[in-house]
Amino acid sequence: MTIQWFPGHMAKARRQVTEKLKLVDIVIELVDARIPLSSRNPMIEEIIGQKPRLVLLNKADMADTNRTNQWIAYFKEQGITALAVNAQAGKGLQVIVQAAKEILKDKFDRMKSRGMRPRAIRAMIVGIPNVGKSTLINRLAKKNIAKTGNTPGVTKAQQWIKVGKELELLDTPGILWPKFEDPKVGYKLALTGAIKDTILNLQDIAVYGLRFLAEHYPERLEERYGLEEISEEVVDSFDKIGAKRGCLMAGGEVNYDKTSEIIVRDIRNVQLGPMTFDFIGEAEKDSE
Ligand code: GDP
């Protein structure tokens, strides 16, 4: 389900995350490895404040591995530990606990030196819709959901999921809104399935996708659609793709809506191979 964000929703979402923050030692921020920048909440720093944080680049299987590594290095430069994971297949998850322990080592050492009893690290997952929060929680949970206050009529207490002995996870993630201002970000969110096509014009999304491919992965365009280049007249490319994929109307003219749908679906379903839409340079421009 895609949520439409309005100021009231944002305030509510923010309040829910802020309340749960008090319960945890660390925030696990899930981003989409294909768009590590565009899939972040624009106010994340402000919302989580000083709380320690671990970034997970999820859906790494759908992203360009070289670029994923560049993004991990980028986060590291900012003092943030980031890991590439595939929540769906359960890949890369074993290191989450270890990374959280390292991030919180000083805090837990201090607690120990004050004579406090050792306890598991408490964490919560946050991220924009469709980034894989539920998938990750289910993967980590296996059968270890601690049921508390689950009786009908009783206010549902927070439930903690035990991940081994050393980590406990809140069972409900914090849902945050994506960025909206920049249309380019909107196209990237649409091409990765984070927002519905209906929010933006489908043909515009497809044109953005085609131009992006022509610039960064031209060989894949050629392989899938037989296009050697995207001419300035994008409509020519649509004509070729539409004809090749049989998106024709009664008179033999190409159906641009149908063709757009195919292009967007192909990109989203990784039919044109794993790819990453955000570049480090864009992050640096943002922070200037
Ligand atoms: P949520 O809204 O953040 O809870 O997102 P979901 O957990 O519902 O995941 C959204 C979609 O992404 C689902 O179809 C998942 O199967 C898929 N998904 C989640 N993680 C991964 C991943 O690492 N790789 C791939 N390929 N798909 C994933």
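We count ligands from 1, going down the list as the structure has it; atoms in each ligand are counted the same way. Residue numbers count from 1 along this sequence.
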Answer yes or no: does atom CD of E222 have more than 12 heavy-atom neighbours from other residues, nucleotides or ligands under 6.0 Å?
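It does: E222 CD has more than 12 such atoms within range.
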May I have the list of side-chain donor-acceptor pairs in residues 80-89 shorter than 3.5 Å, sequence neighbours left out?
| unit_1 | atom_1 | unit_2 | atom_2 | d |
| --- | --- | --- | --- | --- |
| N86 | OD1 | Q88 | N | 3.1 |
| N86 | OD1 | A89 | N | 3.0 |

Report all protein residues having a heavy-atom distance below 4.0 Å to some atom of ligand 1; order the list by chain, then number.
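Ligand 1 pocket, heavy atoms under 4.0 Å: N58, K59, D61, M62, N86, A87, Q88, I128, P129, N130, V131, G132, K133, S134, T135.
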Presence of salt bridge, E46 and R14, under 4.0 angstrom
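E46 and R14: salt-bridged.
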Under a 4.0 Å N-O cut-off, is there an ion pair linking D61 with K91?
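Salt bridge between D61 and K91, a charged N being under 4.0 Å from a carboxylate O: no.
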Passing option when D25 is tested against K51, R119, K105 for salt bridge (charged side-chain N to carboxylate O under 4.0 Å, His left out):
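Going through K51, R119, K105 one by one, the salt bridge (charged side-chain N to carboxylate O under 4.0 Å, His left out) with D25 is satisfied by R119 alone.
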Approximate separation, where rounding is to 0.5 Å, of L191 CG and R268 CZ:
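One gets 7.5 Å once the value is rounded to the nearest 0.5 Å.
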